[in-house]
Structures are given as C-alpha cells and as structure tokens.
Amino acid sequence: MAKRFRDFSLPAVVVNEALEVQDASEEFIAEYGWHRTFLTVVDPGSQSKVAKFLKTLKRGEPLEISLHAKNGRLNFVDLFVTWNREECVCTIVQKSSQYSLVSSKLSALQAELTIRNEELIEEKDRVAGLLTDMQNLSAPAIVLREGISLVPIFGAMDSDQMVSIFHRLLNHFIQENTSIAIIDFTASGEFDLINWRGVDEFVKSAQIMGVQILVSGLHPKQVKALNELEIQTTDVQFFAKLASALAAIEKEAGTKPRL
C-alpha cells in the first residue's frame, strides 16, 4: 500500500486523527518535504481551519488552505480528504497560478496596510507631542517697556501646562525686573476654571516678587464660573479687553506703553 501511495500522481499525505503523518506521496515530499505532523507545513493562518474542519469535511468537498513549500513559497491549495477508519488521505490540488498571484498580492497589500496603519499611529503620536511642546512654549512674555510685560495665553491649556508656563514666567520676571504683568486670555481655547487654582498660586508668587498682575480677555462664562468657585482674586485686576488693561496702565503711568 505504501509503495502504491508513494507513486500517487498528486501531492497527498496520510495522517491519523492527531494529524501525524503516516505516509506521503513522492509529489508531496518533493514539494513540502517530510514532517512528523501535517500542521508543520500548514500556514499559521490556516491551522485552526484544518484542526476544526478536517475531521468533519465531506468527501469531495474542498477546504481552502495555504501550505508552505520547501522553497519558501506559499501555496494556495484545495484540500480533499478521504477518511478510512482512523486514517485520512489528504489530497492537495494547487489553485491556478493566477489565483496564487492575486492572493499573494492581497497578502502583500494587507501587510502594507498594517505597516501604514502603524506609521499613521506613530505620526499621530508625533503630532500630539509637537502640539504639547507648542502649547508648553506658548505664553511668551513680551516686554512692552521697562518693567511691563504682556503674557498672551493661546490654545487649550490643562493644569500641567499652566504650571510649566508660569514657572518660566517667574524666571522672566526676575530677569526683566518686571513690576506689572498682563496675562491675556483673549486667544485661549477651552479653559477649565479648576486650573485657575494654579493661576492663583502663580499670582501669589508674583506678588511676593513685587509684580502686579492684570488679567484680560476672560470669556463671560469663565468670569461667571470664577465667581461661582469663590476663588480669592482681590489682589488681581480684571479687564474685559487687553486694550482696557493697557489704557489703565497708561493712565496710571501718564504715558502710553510702546508696543
């Protein structure tokens, strides 16, 4: 029987219920080699299909799977089975070269899409990092004239970014010998008033340094929420517009700040 099976004209293999190889045709051995178990030559993507359907597959019904040839090529085949008691003869019929070409291209495309998706995720993370860096670098202190600085806040800020900005501003105030600082929120985005507690600490530190803080450009909703939070702001002057804050400084000093 073994010799007769070895002369079988198609790649075929005899396996037991554990999928252990009992015999194989010369065609099979030439293409796939000799292995202890049939699953060794089955592509990982097809192994669960073989394990699940091989025992229940009807005679003459094909099972589409992928097999790894000895030369490294991935073959797309139809598997036909014939059970004889506890042994199964698995006959392999390779699909047309055109089918294999299309399947190979689809597999390559899927791999490329996976790589592209990973690259997009990396690019998204990189852009998010750059945005965070930009926000951390926002609020540059602009010296209007000796002793007076303007601090424009723009974009959405969270408490950590506020702390980072205010820490740098305190150093700026020391270096520039600042006596008055205007913090302008006109161009700020969403601003959770819970973050104002960080502003409150910054104001206290600035006042200890002898810096008077003026706040301009808060949105009406932010002003209302600020009042509802009952945060102590008695030492801070608030102005609806930046122009109003500049006018107040001009009136107090008797000269117009040079922008």
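- Residues forming a side-chain hydrogen bond (donor to acceptor under 3.5 Å, both in side chains) with T37 (at least two apart in sequence, or on another chain): T40.
- Taking CE of M209 as the start and OG1 of T178 as the end, the distance is 7.5 Å to the nearest 0.5 Å.
- Interatomic distance, CZ of F28 versus NE2 of H35, reported as 6.5 Å (0.5 Å rounding).
- With rounding to the nearest 0.5 Å, the separation of CG in L19 from CG in L39 is 5.0 Å.
- For K241, the NZ atom is loosely surrounded, since the number of other residues' heavy atoms within 6.0 Å does not exceed 12.
- Side chain of S46 to backbone of K49: no donor-acceptor contact under 3.5 angstrom is found.
- Between P11 and S25, the shortest heavy-atom distance links the atoms CA-OG, 3.5 Å.
- Here the side chain of W83 pairs a donor or acceptor atom with the backbone of L54 at under 3.5 angstrom.
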Q) Hey, mind stepping through L150 and L242 against side-chain contact (heavy atoms from CB on, under 4.5 Å) and telling me if it holds? A) CA-CA 10 Å; L150 170 63; L242 175 59; 3.6 Å; yes
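- Atom CD1 in I213 sits 5.0 Å away from atom CZ in F173 (nearest 0.5 Å).
- Interatomic distance, CG of N177 versus OG of S149, reported as 10.0 Å (0.5 Å rounding).
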**Q.** Test side-chain contact (heavy atoms from CB on, under 4.5 Å) applied to I183 and V236, step by step
**A.** CA-CA 10 Å; I183 304 178; V236 180; over 6 Å; no
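- Every side-chain hydrogen bond (donor to acceptor under 3.5 Å, both in side chains) that E20 has, sequence neighbours left out, goes to N16.
- The two residues H68 and P44 have their closest heavy-atom pair at NE2-CD, 4.0 Å.
- I65 and V50 make their closest contact through CG2-CG2, 3.8 Å (heavy atoms, listed as atom of the first residue, atom of the second, distance).
- Contact detail for L10 and I92: the closest heavy-atom pair is CB-O, 4.4 Å.
- Distance CD1/I182 to CD/Q212: 9.5 Å, rounded to 0.5 Å.
- When the side-chain hydrogen bond (donor to acceptor under 3.5 Å, both in side chains) test is applied to E31, the partners found at least two apart in sequence or on another chain are R73, N75.
- Side-chain contact check for F80 versus C90: every heavy-atom pair is 4.5 Å or farther apart.
- Residues D78 and E64 approach most closely at OD1-CG, 3.3 Å, considering heavy atoms.
- Scanning all heavy atoms of the two residues, the minimum distance from V42 to Q47 falls at O-NE2, 3.1 Å.
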